[in-house]
2 protein chains.
Amino acid sequence: MKLTTKGRYAVMAMADLASYANGKPISLTEISLRQNISLSYLEQLFLKLKNKNLVKSVRGSNGGYILVKSPSEIRLSNIIFAVNENVKTLSCKKDSKKGCNHKSTKCITHNLWADLEEHINGFFEKIKLEELVNKDKRF
Amino acid sequence: MKLTTKGRYAVMAMADLASYANGKPISLTEISLRQNISLSYLEQLFLKLKNKNLVKSVRGSNGGYILVKSPSEIRLSNIIFAVNENVKTLSCKKDSKKGCNHKSTKCITHNLWADLEEHINGFFEKIKLEELVNKDKRF
DNA sequence: ATAATTCCTATTAAATTAGTAGGGTTTAAA
DNA sequence: TTTAAACCCTACTAATTTAATAGGAATTAT
């Protein structure tokens with residue numbers, strides 16, 4: 001059971017953005033260098049973050065990204081969700097015969113995994129971007 | 001972020017075992033049929049469960065597996081851990097330059113993921129096998 | 001004009017997971 | 001004493017997912 005990097009990268013990048021915010025747009029190149037995340041990969045992530053209205057972009061030279069809201073208004077769940085990294089504990093697809101089990105009723109552990117999903121999402125909902133950034137302004 | 005089936009299968013199988021326990025060993029063939037999990041895959045899981053002393057095996061004809069402890073004494077964390085499905089939220093390997101970031105200090109999100117790991121493991125520690133089984137004796 | 005930057009999609013490479021295969025050992029029971 | 005059911009163990013393959021790369025188009029400050 002391993003959590004993947006996509007959500008982690010997104011949170012790191014947003015924390016970087018919040019941390020270095022100065023009113024002017026921050027370019028992905030900067031973030032890429034500071035956080036050691038591939039520029040192209042960051043671009044993909046920020047497209048999604050933009051679509052979810054967490055950041056806005058400024059195109060062209062000296063462009064970059066700016067947080068739409070203040071770090072105190074952004075929950076980690078917003079970020080994670082934006083990059084489609086919401087937790088999936090169940091593989092029970094609607095159509096598939098596999099998943100739960102072959103029976104029509106839900107398997108005994110079905111609710112367990114659903115609960116776990118809530119538990120994890122709840123963790124991310126409780127934490128705001130602000131809390132990450134305040135711990136240490138420059139990292 | 002998707003949780004894999006290994007831990008889920010292990011929990012399902014253990015719940016099945018607890019649910020159908022009657023003093024005599026339960027064969028993996030039975031569990032395989034009831035839970036729709038490949039027999040060979042189950043064998044791999046039960047080797048690990050046995051090594052962690054959660055079940056004992058009875059070889060030969062009419063053999064199978066028996067729970068070593070009562071379902072009230074088995075935490076889901078024991079099962080998950082036994083099949084090596086303990087959560088890994090960090091990819092910061094000791095040697096690797098990748099992971100956190102290239103810098104020597106821990107990245108700002110490092111503790112976050114460590115906390116998440118604890119949060120998830122805590123979830124499994126709180127729940128006992130008994131609780132799953134009692135909800136519904138036959139599934 | 002030029003360079004820096006976002007924007008967007010497609011493809012490839014790497015890693016992991018899920019599942020299969022095959023043969024060995026043990027033991028109850030016919 | 002043969003047979004079949006079951007555990008035991010390792011290795012391999014297939015499938016899926018993730019991570020990363022590639023390549024260009026559009027935009028804009030200088």
Side-chain angles (χ1 to χ4, degrees), chain A residues 1-10 12-13 17 24-33 35-52 54-66 68 80 83-93 96-99 101, chain B residues 1-10 12-13 17 24-33 35-52 54-66 80 83-89 91 93 96-99:
Chain A
M1 191 146 59
K2 195 186 125 200
L3 304 188
T4 57
T5 68
K6 197 155 58 170
R8 199 167 74 239
Y9 281 178
M12 284 169 72
L17 196 54
K24 286 182 287 187
I26 309 275
S27 75
L28 294 188
T29 307
E30 285 181 60
I31 299 179
S32 166
L33 290 171
Q35 302 302 327
N36 204 33
I37 301 171
S38 131
L39 174 60
S40 203
Y41 203 36
L42 275 178
E43 288 178 342
Q44 293 173 46
L45 297 178
F46 272 79
L47 282 183
K48 294 181 178 181
L49 294 169
K50 198 186 66 160
N51 287 338
K52 293 291 181 182
L54 293 176
V55 297
K56 65 185 173 193
S57 66
V58 177
R59 301 187 70 175
S61 187
N62 292 328
Y65 288 91
I66 301 178
V68 167
I80 304 269
V83 296
N84 301 324
E85 272 278 287
N86 38 324
V87 185
K88 293 231 174 87
T89 55
L90 297 163
S91 65
C92 313
K93 290 162 197 158
S96 169
K97 285 176 195 168
K98 296 227 171 183
N101 54 23
Chain B
M1 191 147 57
K2 197 185 126 200
L3 304 187
T4 56
T5 67
K6 196 156 58 169
R8 199 166 74 239
Y9 281 179
M12 283 168 73
L17 196 54
K24 286 182 286 186
I26 309 277
S27 75
L28 294 188
T29 306
E30 283 181 62
I31 298 179
S32 166
L33 291 171
Q35 302 301 328
N36 204 33
I37 301 170
S38 132
L39 174 61
S40 204
Y41 204 35
L42 275 179
E43 287 179 339
Q44 295 173 44
L45 297 178
F46 273 79
L47 282 183
K48 294 180 178 184
L49 294 170
K50 196 184 69 161
N51 287 338
K52 294 291 181 183
L54 293 176
V55 296
K56 64 184 174 194
S57 66
V58 177
R59 301 188 70 176
S61 187
N62 292 330
Y65 288 91
I66 301 178
I80 303 269
V83 296
N84 300 326
E85 273 278 288
N86 39 324
V87 185
K88 292 231 174 89
T89 55
S91 65
K93 290 162 198 160
S96 170
K97 284 176 195 167
K98 297 228 170 182

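Every chain is numbered from 1 and lettered A, B, ... according to where its sequence line falls, protein lines coming before strand lines.
Residues B/Pro25 and B/Gly63 share a closest heavy-atom pair of CB-C, 3.8 Å.
Residue-level contact check: A/Gly60 touches the bases, meaning some heavy atom is under 4.0 Å from a base atom.
Put simply, CD1 on B/Ile37 is 15 Å from C1' on C/dT17, counting in whole angstrom units. Per the geometry, OH belonging to B/Tyr65 stands 13 Å off C1' belonging to D/dA5, to the nearest Å. Per the geometry, CG belonging to A/Leu17 stands 14 Å off P belonging to C/dT5, to the nearest Å. Summarising the geometry, the separation between CG on A/Leu39 and P on C/dT5 is reported as 10 Å, rounded to the nearest angstrom. Across the protein-nucleic acid pair, A/Lys6 atom NZ and D/dA19 atom C1' stand 10 Å apart, rounded to whole Å.
Put simply, the side chain of B/Ser32 never gets that close to the backbone of B/Ser38: no donor and acceptor are under 3.5 Å apart.
Residue B/Asn62 has its side chain nearest to C/dA29 when only D/dC9, C/dA18, C/dA29 are considered. Checking C/dT5, D/dA6, D/dA19 against every side-chain atom of B/Thr29, the shortest atom distance belongs to D/dA6.
Contact annotation: A/Lys50 does not reach the phosphate of C/dT6 (side-chain N/O to OP1 or OP2, under 4.0 Å). Between B/Ser57 and D/dC8 there is a side-chain polar atom (N or O) within less than 4.0 angstrom of OP1 or OP2. For A/Ser61, no side-chain nitrogen or oxygen approaches OP1 or OP2 of D/dT30 to under 4.0 Å.
For the segment residues 40-47 of chain A, residues with any heavy atom less than 4.0 angstrom from an atom of DNA chain C are, sorted by number, A/Glu43, A/Gln44, A/Leu47.
Scanning atom types as modelled, one donor and one acceptor separated by under 3.5 angstrom connect the side chain of B/Arg59 and the base of C/dT25.
One finds the CD atom of A/Glu43 at 8.0 Å from the OG1 atom of A/Thr29 (value rounded to the nearest 0.5 Å). To the nearest 0.5 angstrom, B/Gln44 atom CD is 10.5 Å from B/Leu39 atom CG.
With DNA chain C read from its 5' end, the first of the two nearest nucleotides for A/Ile26 and B/Ser38 is the one closest to A/Ile26.
Of the residues listed (B/Leu17, B/Val83, B/Leu42), the one engaging B/Leu49 in a side-chain contact (heavy atoms from CB on, under 4.5 Å) is B/Val83, and it is the only one.
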task: Apply the test side chain to side chain contact (heavy atoms under 4.5 Å, CB included) to residues A/Ile31 and A/Tyr65: give CA-CA distance (whole Å), side-chain angles for both, the deciding distance (0.1 Å), then the verdict.
output: CA-CA 10 Å; A/Ile31 299 179; A/Tyr65 288 91; over 6 Å; no
